[in-house]
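A short write-up of the structure that comes next.
Note on naming: letters A, B, ... go to the chains in the order of the sequence lines (proteins, then strands), and numbering restarts at 1 for each one.
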Amino acid sequence: MKPALFAYVAPQSVEEALELLASDEMARPLAGGQSLIPTMNFRIAAPSALVDLRRIGALNGHAVEGDVIRVGAMTRQRDLERDEAVQRANPLIAEVLGNVAHIVIRNRGTVGGSIAHADAAAELPCMLVATGGTVVARRAGGERTIAAEDFFLFHMTTALEAVELLTEVRIPALPPHTGYAFQEVARRHGDYALAGVCALVTLKDGVCSAVRLAACGVASKPTRLAEAEAALLGAPPEGEALARAAEAARDYATAADDRQASTDYRRDLASALVRRTVTKAADRARERA
Amino acid sequence: MSAAVETGWIGRSLERREDARLLTGRGEYLADVRVSDCLHVCFVRSSHAHARIKDIRLDAALEIPGVVGAITGAELSREIQGQKIPVLIPAFPAKYRQYWPLAVDEVYWHGEPLAAIVAKDKYVAEDAAAAVEIDYEPLPVVTDAEVALREDSPRVYDDWDSNEIFGTSYTGGFEADQIAKNDAEVEALFAQADVVLRQRFRTQRCGVCPIETRGALAIWSETDGLTVHLTTQRPHIERLALADLLELSTAEVRVVAPRDQGGGFGVKAPFYREHVVVCHLARKLGRPVRWIETREEHLMTVSQERDQIHDLEIAADREGRILALRNRGIGDVGDGRQGVYWGFVMPSLGSVMLPNAYGIRHADIKLRCAVTNKACMSPSRSFGALPTRFALERGLDMLARKLGLETAALKRRNLVTEFPFISVTGVHHDSGNYVKAWDKLVESVDLPGFRALQEEARASGRYIGIGFACGAEFSGIPSDVLVPLENQPGYGVVTMRIDPRGKIAIHEGDAPQGQSHETTMAQVAADAFGIHPDDVSVRHGDTGTTPLSSGTIGARGASYTVAAIAEAAAALKAKMARYMIHDHGLEGATADDFSFRGGAVIYEKDGNIRREFAALADRIVMGSINLPAGEDPGLEHTAYFEAPKPMICFTAQAAKVEVDIETGQFTILDYATCEDVGTVINPIVVEGQVQGGVVQGMSNAMFEEFLYDENGQQLTADFENYRLASAADVPNVTVGHSPTPCPDHPLGVRAVGEGRPGPVPGALANAICDALAPFGVESTTLPLKPEMILALIEAGRAGNGG
Ligand SMILES: Cc1cc2nc3c(=O)[nH]c(=O)nc-3n(C[C@H](O)[C@H](O)[C@H](O)COP(=O)(O)OP(=O)(O)OC[C@H]3O[C@@H](n4cnc5c(N)ncnc54)[C@H](O)[C@@H]3O)c2cc1C
């Protein structure tokens with residue numbers, strides 16, 4: 001199908017882009033276009049203008065700075081995935097990105113686009129919640145930093161306002177003594193997850209001194225699995241504690257039955273994935289020790 | 001004349017001659033055909049599954065700048081014929097309903113076209129289509145064939161006495177008393193059998209999706225009439241239909257299937273209503289008009305097949321020998337208004353094909369087809385047979401488990417061993433060696449080794465399984481079958497022309513969509529004349545230059561059209577030999593005394609008597625004096641091939657899978673086939689057909705599913721929701737061969753194109769159920785969704801007492 005008529009502008013700076021967005025409330029930023037263009041072709045979205053962000057140098061590029069990885073909004077997903085410094089600082093990122101769509105889509109799809117799009121089943125938002133990352137939002141004359149857990153409000157709904165641009169995503173480096181894992185179940189390779197779980201397990205003397213678990217696909221937004229984390233904290237990441245954590249994960253699967261899966265199936269998946277990712281993360285934590 | 005001329009072109013993995021242009025973006029698809037001043041059509045489609053059209057208002061649409069015209073069904077119905085003409089109607093009794101290309105008064109499915117907009121480009125046309133205002137009065141909807149067949153069901157067509165469009169028995173004969181007698185005999189066999197398996201199997205609505213959607217480009221000329229470039233597998237049939245419907249003389253209609261088509265797989269074989277509208281608009285407006293179907297339209301209107309239910313019963317003895325079969329099939333044909341196939345020809349052939357390669361002597365097979373408020377079923381590769389393959393292949397595995405037999409052995413025991421064999425449904429198995437191919441497959445997958453591995457894996461909590469299936473498929477379709485089935489001929493035909501420079505042109509009236517005709521047909525001709533394939537060109541798809549043929553369908557290329565090439569070559573070689581005899585005074589010599597090799601025609605009894613192939617061609621075409629007595633000049637011949645009896649090809653297939661019992665997900669570890677395609681013209685082309693066919697079967701089995709809600713709203717009209725397998729989801733298929741040349745084909749070739757997807761769902765499901773045998777899992781529906789598999793595991797656990 002073909003999109004409805006729209007204007008196209010490609011500003012050179014963030015300021016210019018913000019001005020354009022402020023002057024036309026029906027205008028939308030365009031990043032990699034991998035989500036926005038299909039919705040326009042289906043005529044689900046019909047923005048009056050696309051403000052293409054790709055010429056804005058300030059939104060491109062990423063760097064590891066101490067214990068945080070700063071990622072410009074327009075960084076292509078595939079570039080982040082392949083960056084060796086990023087892989088060293090937090091290998092979880094590449095593991096997660098390997099599950100996002102296909103390489104050709106990651107070549108164009110951006111990190112900022114995925115976070116701003118905020119699909120409840122998307123992997124990057126889940127990773128950002130699991131790692132405790134933040135999002136930098138700019139508007140004319142101001143900037144704010146939003147914690148991932150406050151940023152994602154609902155499926156495809158974020159704390160970002162229409163006059164704001166997401167300029168940067170900040171992902172913490174992997175803490176010491178910590179193992180990581182991401183796994184998902186999708187119908188096909190490259191599909192959005194029916195359920196996905198991101199696990200970060202910090203081990204001290206064989207017990208979990210810190211655990212962060214987040215899931216995608218199972219609820220209306222990427223979700224911390226707090227009860228499952230609590231079940232593991234202070235315990236070894238196996239046996240009884242792991243079983244309790246896996247059981248607790250079930251209740252976070254609240255998405256209503258849809259054509260892809262029933263709620264019950266998602267509950268089963270959340271549970272199995274918590275068991276698997278925690279085990280794998282713990283193994284990796286031991287390897288790193 | 002090419003420099004080094006090799007011989008023996010048949011059997012070589014010659015690179016596809018089509019590839020250079022296709023892989024460098026120079027293919028000539030419908031959308032690539034350039035014409036100036038071209039307008040674009042967008043169809044307005046019903047948003048209701050069943051409703052009366054109270055009003056259509058085009059005013060707002062017509063006001064949009066760039067809109068050139070618009071037409072509704074009511075207007076169109078006053079300007080053309082109704083769509084119901086003999087060439088589009090099978091020759092057996094069913095309810096063939098008259099309909100108009102655009103709906104008039106009433107719509108019967110979500111997506112039915114009811115108006116068309118013509119505009120300067122596609123964007124404007126879509127804008128205008130969205131501006132058309134329609135008032136509907138919703139009517140009762142039925143979307144389930146079983147419900148539709150009940151007496152109290154709402155009627156799709158209120159003037160029909162029931163929703164049954166077609167129903168018949170495939171066994172026993174044509175008279176009611178013959179059928180009753182047969183049924184009673186079958187019943188007696190069931191009563192005596194050691195074991196009876198009864199199971200319902202259901203295959204979901206799905207099909208195949210060519211990358212290139214449908215389309216038409218119609219050009220009207222006051223002098224020449226209508227030229228229409230059309231995505232179609234059967235340009236000649238389209239031409240006859242269009243001429244009749246538009247009330248044009250056939251002399252005024254030329255249909256051109258583009259040189260390249262991005263897949264068809266059966267989807268481009270029916271006669272579609274959109275084509276008529278596009279042609280009519282071009283004539284009416286006097287300007288070229290193009291329609292390129294969107295993916296959404298495509299998924300709403302075509303590629304929908306396989307929607308069948310089978311209540312299958314197998315009676316067998318303790319050794320697993322099938323004594324009798326009983327089947328009650330139901331086909332959900334959708335609205336049942338589509339030229340050539342009318343939605344029910346596929347399930348009907350599926351029932352014919354049900355007994356497959358098994359030597360079943362007694363059966364009672366019946367089918368009922370119902371119309372529903374859904375898109376009409378249109379053909380998909382493996383035409384109608386995938387559902388019945390699934391049912392029987394699964395059924396036999398369940399039987400084997402019941403009897404405690406190895407399924408591969410049980411199936412082998414039942415294969416046809418004596419040829420020719422005529423099945424209970426009348427399928428003629430001409431020749432072959434099914435058991436040999438089966439054994440080769442079973443050996444190639446190391447069944448005993450796999451069983452040992454399976455034991456070990458289970459001990460460590462891993463579940464692997466193996467599954468088998470096979471398919472005895474039509475190798476082309478003879479007139480005997482095609483005339484009653486589709487009211488059109490089955491013969492293969494080509495016109496072969498040799499020019500004075502010794503170049504050969506083959507003209508075929510078929511319209512390939514990826515079957516590599518330009519390569520394999522050139523190989524066959526080059527082989528016959530001892531010249532290089534580069535000196536042979538293959539032209540197809542243009543009704544202005546090719547002989548009438550029923551098209552590229554039913555694996556007819558290598559079986560029928562190639563056979564016609566062999567016959568045309570033989571006729572022209574004989575003529576060339578007669579000129580040699582005359583010119584060189586070789587009285588008493590015959591055509592057999594000449595060999596065609598190395599670019600020359602050589603008198604075998606005296607090698608000094610030889611002519612360059614091109615020189616001899618020049619002599620016959622250009623040097624038209626001093627002719628042999630009674631001989632014409634020129635080198636052109638049209639050959640028709642009809643096999644004395646229907647021919648068959650065979651595929652045996654095996655899948656190995658591993659199932660994750662916590663998520664129900666499965667991985668295909670390995671997939672192997674063993675093919676009997678007789679003489680292989682080009683191994684890589686055959687391999688491509690098998691790989692592609694198997695992958696389509698996998699995609700059908702694992703992911704694809706057209707869904708409608710209870711109001712008949714289509715829910716899967718995009719590739720996000722209608723899921724095709726991608727390369728990452730499927731393994732490479734190991735293709736083996738066990739050839740037995742086909743005696744009724746001049747080159748011994750059997751076809752490969754049609755049937756390969758059919759056995760795949762059975763093989764995969766059997767492998768999954770084999771892996772999960774400890775839980776007693778038996779899957780009986782498609783697609784094989786992990787969620788369903790997990791539910792079956794859990795049910796099995798509960799049944800086993802945990
Ligand atoms: C076939 C296919 C499969 C896919 N599978 C997956 C998958 O498995 N998992 C997954 O996570 N994603 C998947 N995607 C989506 C893909 O990752 C997208 O690239 C991503 O979600 C959006 O990124 P983008 O750069 O393309 O953004 P765009 O499509 O350009 O934009 C998306 C939205 O974000 C807004 N936006 C973009 N950038 C900014 C910004 N800087 N500030 C404010 N708003 C902004 C846009 O206005 C738009 O509303 C898939 C896409 C396709 C086509």
Problem set entry | Polar side-chain atom of B:E126 near backbone of A:P3 as donor-acceptor pair, under 3.5 Å | no
Seminar exercise, completed: Separation between CZ (B:R295) and CG (A:N41), nearest 0.5 Å, reads 13.0 Å
Seminar exercise, completed: The complete set of side-chain hydrogen bond (donor to acceptor under 3.5 Å, both in side chains) pairs with one or both residues in residues 93-102 of chain A, sequence neighbours excluded, reads A:E95-A:R284
Exercise. Is the shortest distance from a Lys or Arg side-chain nitrogen in A:R187 or B:D729 to a carboxylate oxygen in the other one below 4.0 Å?
Worked result: no
Problem set entry | Test item: B:E662 and A:R275 side chains (from C-beta on) under 4.5 Å apart, heavy atoms | yes
Exercise. Any side-chain heavy atom of A:D264 sitting closer than 4.5 Å to one from B:E794?
Worked result: no
Exercise. Does a salt bridge link B:R723 with A:D191, judged by any charged N lying under 4.0 Å from a carboxylate O?
Worked result: yes
Exercise. Would the number of heavy atoms belonging to other residues, nucleotides or ligands and lying under 6.0 Å from CZ of A:R286 be above 12?
Worked result: yes
Exercise. Taking 4.0 angstrom as the limit, do A:R259 and B:D709 come out as a salt bridge?
Worked result: no
For this session: Heavy-atom distances under 4.5 Å only: say whether A:A186 touches chain B with side chain, backbone, both or neither.
Result: backbone
For this session: Flag the one option from B:S726, B:C42, B:P786, B:A725 with the top tally of heavy-atom pairs under 4.5 Å to chain A.
Result: B:P786
Exercise. What residue in B:M702, B:K122, B:Q665 has the most heavy-atom pairs under 4.5 Å with chain A?
Worked result: B:Q665
Problem set entry | Over 12 foreign heavy atoms within 6.0 Å of CZ, A:R244 | yes
Problem set entry | Part of A:S262 lying under 4.5 Å from any heavy atom of chain B | both
Problem set entry | Proximal component of B:I292, with respect to chain A [non-hydrogen, under 4.5 Å] | neither
Problem set entry | A:R276 atom CZ, neighbour heavy-atom count above 12 within 6.0 Å | yes
Exercise. Measuring from B:E720:CD to A:F42:CZ, what's the distance to the nearest 0.5 Å?
Worked result: 7.5 Å
For this session: Under 4.5 Å heavy-atom distance to chain A, tell me which part of B:E296 shows up: side chain, backbone, both or neither.
Result: side chain
Exercise. So which of A:Q260, A:R188, A:H189 has the biggest tally of heavy-atom pairs under 4.5 Å with chain B?
Worked result: A:R188
Exercise. In this structure, are over 12 heavy atoms from other groups packed under 6.0 Å from A:L5 atom CG?
Worked result: no
Problem set entry | Most chain A-contacting option - heavy-atom pairs closer than 4.5 Å, from B:L790, B:T663, B:N721, B:L707 | B:T663
